[in-house]
S.K.: 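A single structure is presented below for examination.
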2 protein chains.
Amino acid sequence: MDIEQSKKDNQLAEIFKTLSEPNRIRILRILDHSDRELTCSEVSEQLNISKSTVSYHFKALRHAGLTNTRQAAQTKYLSINEKTFKEYLPSFLKSL
Amino acid sequence: MDIEQSKKDNQLAEIFKTLSEPNRIRILRILDHSDRELTCSEVSEQLNISKSTVSYHFKALRHAGLTNTRQAAQTKYLSINEKTFKEYLPSFLKSL
DNA sequence: TTTGTATTTCGATAACAATCGAACAAGGAG
DNA sequence: CTCCTTGTTCGATTGTTATCGAAATACAAA
């Protein structure tokens, strides 16, 4: 099997794996609908899950290339990485 | 929340979970590229994984509505369920 | 009816994922 | 400097997933 193709499969699978977690889909929906950046604490309150768990999900989303992060002082602002969605899932955000 | 939307959400989540396994992505690609039905044994040889594992993946794909199954005697032929892809992931097959 | 082929199910195992609270680090406000 | 807020990391727990080989099932052919 083509090793480059195999790597692509793994990357694509990672994107899907990231999207197969309801809380991460919710995070993306909040991001998309609020149309602004969000912080860990904010999401923690809105979804009623601990900050450590949100941090864990933020990391997963960023690692999969689904979000961007902007750091300002001790606060990290999350936003949607449009590029990735355009490339891999052009219709996903509309379906939220 | 809209119950129809809720059903769609659940189905979409299941589709993503199903697609989060590299071997299942590979099975779909083989299906798409060969443009014909495939059997469990055939895929087992091509991907070099046991037949029981392939059977497990076949079940997952069918359960998520991603594939169709046609039974003839003791053999099960798998094919892509175009309808589901059109509805939920219109650009996915092209990207394979 | 015996044999062979295709697939599924079972039991076990090893790896991974989601979650929490506690502890920690780093920056800002007073 | 001390306190508060923000976020990360750690350790533990609980549940899920991918995988295999062996056994079981179902059908067909000889």
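Hydrogens, waters and symmetry mates are skipped; everything else that's a heavy atom, side chains included, is used.
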S.K.: Between the protein and nucleotides 12-15 of chain C, which nitrogen or oxygen pairs come in under 3.5 angstrom?
M.R.:
none

S.K.: Starting at OG1 of B:T53, measure out to CG of B:N48 and round the result to the nearest 0.5 Å.
M.R.: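 Between B:T53 OG1 and B:N48 CG, I get 11.0 Å after rounding to 0.5 Å.
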
S.K.: Do B:L19 and B:L89 come close enough that some side-chain heavy atom pair is under 4.5 Å?
M.R.: yes

S.K.: Would you tell me if any nitrogen or oxygen in the side chain of A:H57 comes within less than 4.0 Å of OP1 or OP2 on C:dA17?
M.R.: no

S.K.: Taking the side chain from B:Q71 and the backbone from B:A73, do they hold a donor-acceptor pair closer than 3.5 Å?
M.R.: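 The answer is yes, because a donor-acceptor pair under 3.5 Å joins these two groups.
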
S.K.: Hey, what do you get for CZ (B:R26) to CG (B:L96), rounding to the nearest 0.5 Å?
M.R.: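 CG of B:L96 is found 11.5 Å from CZ of B:R26.
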
S.K.: Are B:V54 and B:Y56 joined in one hydrophobic group, where the rule is that I, L, V, M, F, W and Y side chains link up if heavy atoms are under 4.5 Å apart?
M.R.: no

S.K.: If I take atom CG from residue B:L61 and atom CG from residue B:N68, how far apart are they, to the nearest 0.5 angstrom?
M.R.: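 Spacing of CG (B:L61) from CG (B:N68) equals 11.5 Å.
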
S.K.: Using heavy atoms and a sub-4.0 Å distance, could you list which residues of residues 59-71 of chain A are near DNA chain D? By number, please.
M.R.: A:K59

S.K.: Given 3.5 Å as the limit, does a donor-acceptor pair link the side chain of B:S55 with the main chain of B:K51, or not?
M.R.: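 Checked: no pair found.
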
S.K.: Summarise protein proximity over nucleotides 23-30 of chain C in one line of letters, 5' to 3': B for base, S for sugar-phosphate only, - for none, counting protein heavy atoms closer than 4.0 Å.
M.R.: ----BS--

S.K.: If you take any heavy atom closer than 4.0 Å to DNA chain C, which residues from residues 46-54 of chain A end up in contact?
M.R.: A:I49, A:S50, A:S52, A:T53

S.K.: Mind grabbing the angle between the end helix axes of the helix from C:dT1-D:dA30 to C:dG30-D:dC1? Five pairs an end, 10° rounding.
M.R.: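 For the helix from C:dT1-D:dA30 to C:dG30-D:dC1, the axes at either end differ by 10°.
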
S.K.: Please answer: with hydrophobic residues joined when any side-chain heavy atoms are less than 4.5 Å apart, are B:V43 and B:Y77 in the same cluster?
M.R.: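 No, because B:V43 and B:Y77 fall into different hydrophobic clusters, even though each may have its own neighbours under 4.5 Å.
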
S.K.: Is the phosphate of C:dT5, meaning OP1 or OP2, less than 4.0 Å from a side-chain N or O of B:S41?
M.R.: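 Negative; the distance criterion is not met.
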
S.K.: Taking atom CG of A:D35 and atom OG of A:S79, what is their separation to the nearest 0.5 Å?
M.R.: 10.5 Å

S.K.: Under 4.0 Å between a Lys/Arg side-chain N and an Asp/Glu carboxylate O for B:E37 and B:K76?
M.R.: no

S.K.: If you measure only the distance, is there a donor-acceptor pair under 3.5 Å linking the side chains of A:S41 and A:T39?
M.R.: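 Note: A:S41 and A:T39 side chains miss the donor-acceptor criterion.
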
S.K.: Assign the ring pair B:F85 / B:F92 to parallel, tilted or perpendicular, where the plane angle (0 to 90°) is split at 30° and 60°.
M.R.: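 Parallel.
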
S.K.: Going from CG on A:L93 to CG on A:D32, what distance comes out if it is rounded to the nearest 0.5 angstrom?
M.R.: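 That separation rounds to 5.0 Å.
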
S.K.: Just verifying a value: how many Å separate A:L78 CG and A:C40 SG, rounded to the nearest 0.5 Å?
M.R.: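 Those atoms lie 9.0 Å apart.
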
S.K.: Give the first and the last nucleotide of DNA chain D, reading 5' to 3', that has any atom under 4.0 Å from a heavy atom of chain A.
M.R.: D:dT5 to D:dT9

S.K.: What integer distance in Å separates A:Y56:OH from C:dA22:C1'?
M.R.: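 Atom-to-atom, A:Y56 to C:dA22, this comes out as 19 Å.
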
S.K.: Check for a donor-acceptor pair, side chain of B:R62 on one end and backbone N or O of B:T67 on the other, with a separation under 3.5 Å.
M.R.: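 Here the side-chain-to-backbone pair does not exist.
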
